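A quick write-up on the structure given underneath.
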Amino acid sequence: MKKPINKHIEMPEKMLSDQQIKRRSFIAFGSFIALSGATYFGWRKLYTSAIEPKTITGVAHKPLRRALNQNELFFRRLFSRNHLVRTYPKELAAKNVRQNSDIGLETEFDIAAWTLQIQRAPGDILNVTLDELKALPKTEIVFDFKCVEGWDQIQHWAGVKFTDFVAHYKLDKLAQMDYVGMATPDKQYYVGLDMDSAMHPQTILAYEMNDKPVPMDHGAPLRLIIPVKYGIKNLKRISTITFSNTRPPDYWAEHGYDYYSGL
Ligand SMILES: Nc1nc2c(c(=O)[nH]1)N[C@H]1C(S)=C(S)[C@@H](COP(=O)(O)O)O[C@H]1N2
Ligand SMILES: [Mo]
């Protein structure tokens, strides 16, 4: 027996009654009002919420700071010292390197008298000169430098890998602590870094930019290049380095920004 041929059957178009249309409009409009209300009151609740007391972090609304800290925990668990930031060929590095802000660079400064000061213990400061740093293995990096203000630029830096520096000066014990703190000679700008980021293989104490000594406004004689972080953590003109198990002071965290500021 032959199968009956399936004829195309026209479905009658579904007609909506006036009443149904009214009901749907009511639901749509009602949802719109409800969502707008939730957005407005949610925003107002956040806006009028308490500001955190100023400690190591400051100025952020409490719920936002909680979110930033939770975010940090999440990403620190994912962080790996083996995962490298993307690098580029040297030819792609910017010739006109962007200069951003200069907190801590405005005080009169004698570059010839500069030494890097590492606090090994209270009252035990190790002084390292630029020549001593230059005698260590040199590491170059060309990467995309990112500022939280919204710009980025491929830049070429060179200096001593922080891990090489730690190994050479036998700071391994100190590097088992949780944080590193760095500050400018006048202490006007300072950053706190989690140890995993500081000991990342692409973190360098940089004394060269585009194969020349770091210019004054970019942090001469030595600045931090830490590609796993936003620009704010890339401290220009390092003077002091400290190690600790608590968060070191951080200029922008005190002004409301994320303490971690990872990429
Ligand atoms: N001492 C010091 N370091 C600093 C800053 C600063 O104001 N003072 N600004 C930070 C910010 S926000 C950025 S984006 C980079 C900019 O570095 P550049 O001027 O070499 O581009 O430096 C960082 N390091
Ligand atoms: Mo920045």
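Order of appearance sets the numbers: ligands from 1, and atoms from 1 within every ligand. All values reported here derive from a predicted model rather than from experimental measurement.
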Do NZ/NE/NH1/NH2 and the carboxylate oxygens of Glu52 and Arg65 come within less than 4.0 Å?
yes
Look at Asp250 together with Lys233 and state whether they make a salt bridge at an N to O cut-off of under 4.0 Å.
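Lys233 and Asp250: salt-bridged.
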Gly104: heavy atom below 4.0 Å from ligand 1, yes or no?
no
Looking only at protein heavy atoms, which one is nearest to [atom], and what is the separation?
| atom | answer |
| --- | --- |
| atom 7 (O) of ligand 1 | Ser101 OG, 2.4 Å |
| atom 19 (O) of ligand 1 | Lys236 NZ, 2.6 Å |
| atom 24 (N) of ligand 1 | Asn234 O, 3.0 Å |
| atom 8 (N) of ligand 1 | Ile103 O, 2.6 Å |
| atom 20 (O) of ligand 1 | His218 ND1, 2.7 Å |

Distance-only check: which donor-acceptor pairs under 3.5 Å involve side-chain atoms of residues 78-87, not counting sequence neighbours?
residue: Ser80; atom: OG; partner: Asn82; partner atom: N; Å: 2.9
residue: Arg81; atom: NE; partner: Asp196; partner atom: OD1; Å: 2.7
residue: Arg81; atom: NH2; partner: Asp196; partner atom: OD1; Å: 3.0

Can you establish whether the number of heavy atoms outside [X] located under 6.0 Å from its atom [atom1] is more than 12?
| X | atom1 | value |
| --- | --- | --- |
| Lys45 | NZ | no |
| Asn96 | CG | no |
| Arg76 | CZ | yes |

Quick check on contacts: which atoms of ligand 1 are under 4.0 angstrom from a heavy atom of [X]?
| X | answer |
| --- | --- |
| Asp102 | 7 (O) |
| Cys147 | 14 (S) |
| Gln99 | 19 (O), 21 (O) |
| Thr184 | 1 (N) |

Results of ring pair (Phe, Tyr, Trp, His ring centres under 6.0 Å) for Tyr230 - residues two or more places apart only:
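Per chain and number, Tyr230 pairs via ring pair (Phe, Tyr, Trp, His ring centres under 6.0 Å) with no residue.
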